[in-house]
Q: 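One structure, as structure tokens, below. Some questions next.
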Protein chains: 2
Amino acid sequence: MAKATATLVTDKAPRTERGKRTLQKLLDAAAAEFGERGYHEASIHGITHRAGAALGTFYTYFDSKEQVFRALVEHMGRLTRQSIADRVAHAPDRITAERMGIEAFIEFARAHKNLYRIVMEAQFVAEDAYRDYYRIFASAYRQGLTAAEGRGEISPGPAEERAWALIGISVFLGMRYGVWAEDKTPAEVAAAAGDLIAHGLSPRPARGGEGA
Amino acid sequence: MAKATATLVTDKAPRTERGKRTLQKLLDAAAAEFGERGYHEASIHGITHRAGAALGTFYTYFDSKEQVFRALVEHMGRLTRQSIADRVAHAPDRITAERMGIEAFIEFARAHKNLYRIVMEAQFVAEDAYRDYYRIFASAYRQGLTAAEGRGEISPGPAEERAWALIGISVFLGMRYGVWAEDKTPAEVAAAAGDLIAHGLSPRPARGGEGA
DNA sequence: ACTGAACTTGAATGTTGACTCAAGTTTCAG
DNA sequence: CTGAAACTTGAGTCAACATTCAAGTTCAGT
């Protein structure tokens with residue numbers, strides 16, 4: 001819990017410089033292998049090969065294939081939250097924060113397609129890790145919404161359902177415009193979604209002149 | 001394309017009553033096996049065992065494990081679309097249709113957790129089938145939004161991005177309140193989401209009396 | 001009844017890949 | 001320098017299936 005790469009709890013932690021380097025190479029290799037080939041297509045041989053290590057070395061640092069995978073899911077969770085939080089930190093208000101968050105999320109998905117895929121696939125490989133990932137996300141979101149409601153920045157409403165709905169928007173836009181195709185800029189997509197989140201679909205009363 | 005269960009194109013179609021029954025038992029068994037154990041944990045033996053058939057019988061009706069899986073994904077696509085479309089058909093306007101669609105989606109997810117999971121997992125087993133599933137959904141959604149915009153039922157805006165965002169909302173609410181836990185009624189969740197979709201998060205001007 | 005097509009059966013085949021381990025090499029504290 | 005702990009190596013073990021197939025059984029039309 002204290003150390004850098006974390007999640008490697010007990011007896012498998014490296015004790016020498018060489019060991020640390022090898023472990024890091026294996027983690028990077030695992031992220032690439034899982035990201036490119038998916039959990040089941042990925043092989044330990046593939047990981048150690050990418051890392052330039054022998055097959056057996058893998059088991060010096062990990063208990064099993066599933067364990068590295070879980071470690072990577074948690075790692076990515078931290079990374080994503082951090083990345084979004086940083087981008088949203090200076091938002092002037094919650095509505096703006098929503099738009100910025102979506103933009104950041106799409107950009108993050110583009111820049112880390114591998115890790116994005118790993119998280120998605122966790123749903124079927126390590127479901128508890130997957131649920132935790134989104135539960136933590138939803139919990140933070142809920143707090144943000146509640147605080148914003150207190151400040152009068154958003155209309156009152158159920159924070160829980162809103163949080164899950166908003167996460168769904170980000171995830172799907174991230175998938176469609178981040179991972180699948182880059183036919184629109186993140187800013188463009190975020191602007192459209194931001195408007196939807198701010199005002200909804202209801203027709204807005206015409207501004208300015210025309211009375212009727 | 002014409003027959004009932006479809007997707008079983010050429011030479012594997014059953015020719016007798018007994019054959020039809022066996023095929024149907026295998027399809028049901030496959031849906032259960034894949035739904036409960038996931039694609040990779042599922043085994044052909046598991047499927048034929050559930051169906052009360054011998055191992056080899058599977059290959060009388062299917063070419064491979066992946067092929068049944070794809071057949072099921074497409075089957076579920078049709079089922080989902082149908083189910084939502086039926087429910088939304090009589091909606092008085094688009095905004096109401098959105099709320100009803102979400103409610104229908106959550107209920108559908110609850111009633112068909114297995115099939116829901118199969119579609120999700122398709123992302124990693126048969127990605128093209130998965131993308132098609134959502135592309136068809138998005139395409140229909142886009143048309144619905146454009147038509148509603150023409151009728152003045154919703155504010156003008158980019159139908160494409162809106163469609164994906166709205167699908168994301170349904171999918172995530174379906175996952176959270178349909179599959180993961182049933183701690184809120186579909187109607188309740190749909191009401192909350194419907195309000196978000198209708199009016200967004202922006203604070204609404206106070207109604208009635210207080211002037212300032 | 002009869003017969004060929006349709007269907008069923010389950011043992012056998014072949015492959016794949018996670019994980020082990022005994023033998024070697026490198027590191028680093030003392 | 002030294003030796004024990006840390007680390008590396010890769011051939012070997014083992015179990016788990018997907019898929020095949022030859023032999024048997026049932027069906028449906030005549």
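In what follows, every heavy atom counts, from backbone to side chain, and hydrogens, waters and symmetry copies are set aside. Chain identifiers are assigned alphabetically (A, B, ...) following the order of the sequence lines, protein sequences preceding nucleic acid strands; residue numbering begins at 1 within each chain.
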Q: So for atom CD, which belongs to B/E41, do other residues, nucleotides or ligands contribute more than 12 heavy atoms lying within a distance under 6.0 Å?
A: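 Open.
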Q: Any chance you could list the contact pattern along nucleotides 25-30 of chain D? Use B for base contacts, S for sugar-phosphate-only contacts and - for none, protein heavy atoms under 4.0 Å, 5' to 3'.
A: -BSS--
Q: Taking only heavy atoms on the protein side, list every residue of residues 40-48 of chain A lying under 4.0 Å from any atom of DNA chain C, sorted numerically.
A: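 Those residues are A/A42, A/S43, A/I44.
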Q: Could you check whether any side-chain N or O of B/K12 sits under 3.5 Å from a backbone N or O of B/Y59, counting only pairs where one atom can act as donor and the other as acceptor?
A: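 Between the backbone of B/Y59 and the side chain of B/K12 there is a qualifying donor-acceptor contact (under 3.5 Å).
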Q: If you walk 5' to 3' along DNA chain C, what is the first nucleotide with an atom under 4.0 Å of a heavy atom in chain A, and what is the last?
A: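 For DNA chain C, the relevant span reads C/dA18 to C/dC28.
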Q: State which residues pass side-chain hydrogen bond (donor to acceptor under 3.5 Å, both in side chains) with B/Y134; sequence neighbours excluded, sorted by chain then number.
A: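 Listed in chain order: nothing, the list is empty.
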Q: Assess the residue pair A/E107 and A/R87 against the criterion (salt bridge (Lys or Arg N to Asp or Glu O under 4.0 Å)); give the C-alpha distance rounded to whole Å, side-chain angles, the decisive distance to 0.1 Å, and a yes or no.
A: CA-CA 11 Å; A/E107 281 171 10; A/R87 284 284 291 273; 2.7 Å; yes
Q: Please determine whether a side-chain nitrogen of the Lys or Arg among B/E160 and A/K184 lies less than 4.0 Å from a carboxylate oxygen of the Asp or Glu.
A: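 Salt bridge absent between B/E160 and A/K184.
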Q: For DNA chain C, find the residues of residues 52-60 of chain B with a heavy-atom distance under 4.0 Å and give them by number; none if there aren't any.
A: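 B/A53, B/A54, B/L55, B/G56, B/T57, B/T60 - these, ordered by number, are the residues of the stretch whose heavy atoms sit under 4.0 Å from the strand.
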Q: Whether B/R162 and B/E98 form a salt bridge (side-chain N of Lys/Arg under 4.0 Å from carboxylate O of Asp/Glu) is what I want to check.
A: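 A salt bridge is absent here (no side-chain N lies under 4.0 Å from a carboxylate O).
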Q: Side chains of residues 190-200 of chain A: which donor-acceptor partners sit under 3.5 Å, not counting sequence neighbours?
A:
from: A/D195; atom 1: OD2; to: A/R204; atom 2: NH2; distance (Å): 2.8

Q: Thinking salt bridges, do B/D28 and B/K25 make one under a 4.0 Å N-O criterion?
A: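 Salt bridge: no.
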Q: Between A/R117 and B/E127, is the closest basic N to carboxylate O distance under 4.0 Å?
A: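 Looking at B/E127 and A/R117, the cut-off is not met.
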Q: Does either side chain, that of B/Q123 or that of B/Y133, offer a donor lying less than 3.5 Å from an acceptor on the other one?
A: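 No.
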Q: Quick one: do B/D128 and B/R70 make a salt bridge, cutoff under 4.0 Å?
A: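 Looking at B/R70 together with B/D128, the answer is yes, because their closest N to O distance falls below 4.0 Å.
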Q: Starting at NZ of B/K65 and ending at C1' of D/dA16, how long is that distance when rounded to a whole Å?
A: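 To the nearest whole Å, that distance equals 11 Å.
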Q: If the test is side-chain contact (heavy atoms from CB on, under 4.5 Å), which one of A/I106, A/V171, A/D183 qualifies with A/R176?
A: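 Output: one option passes, namely A/D183.
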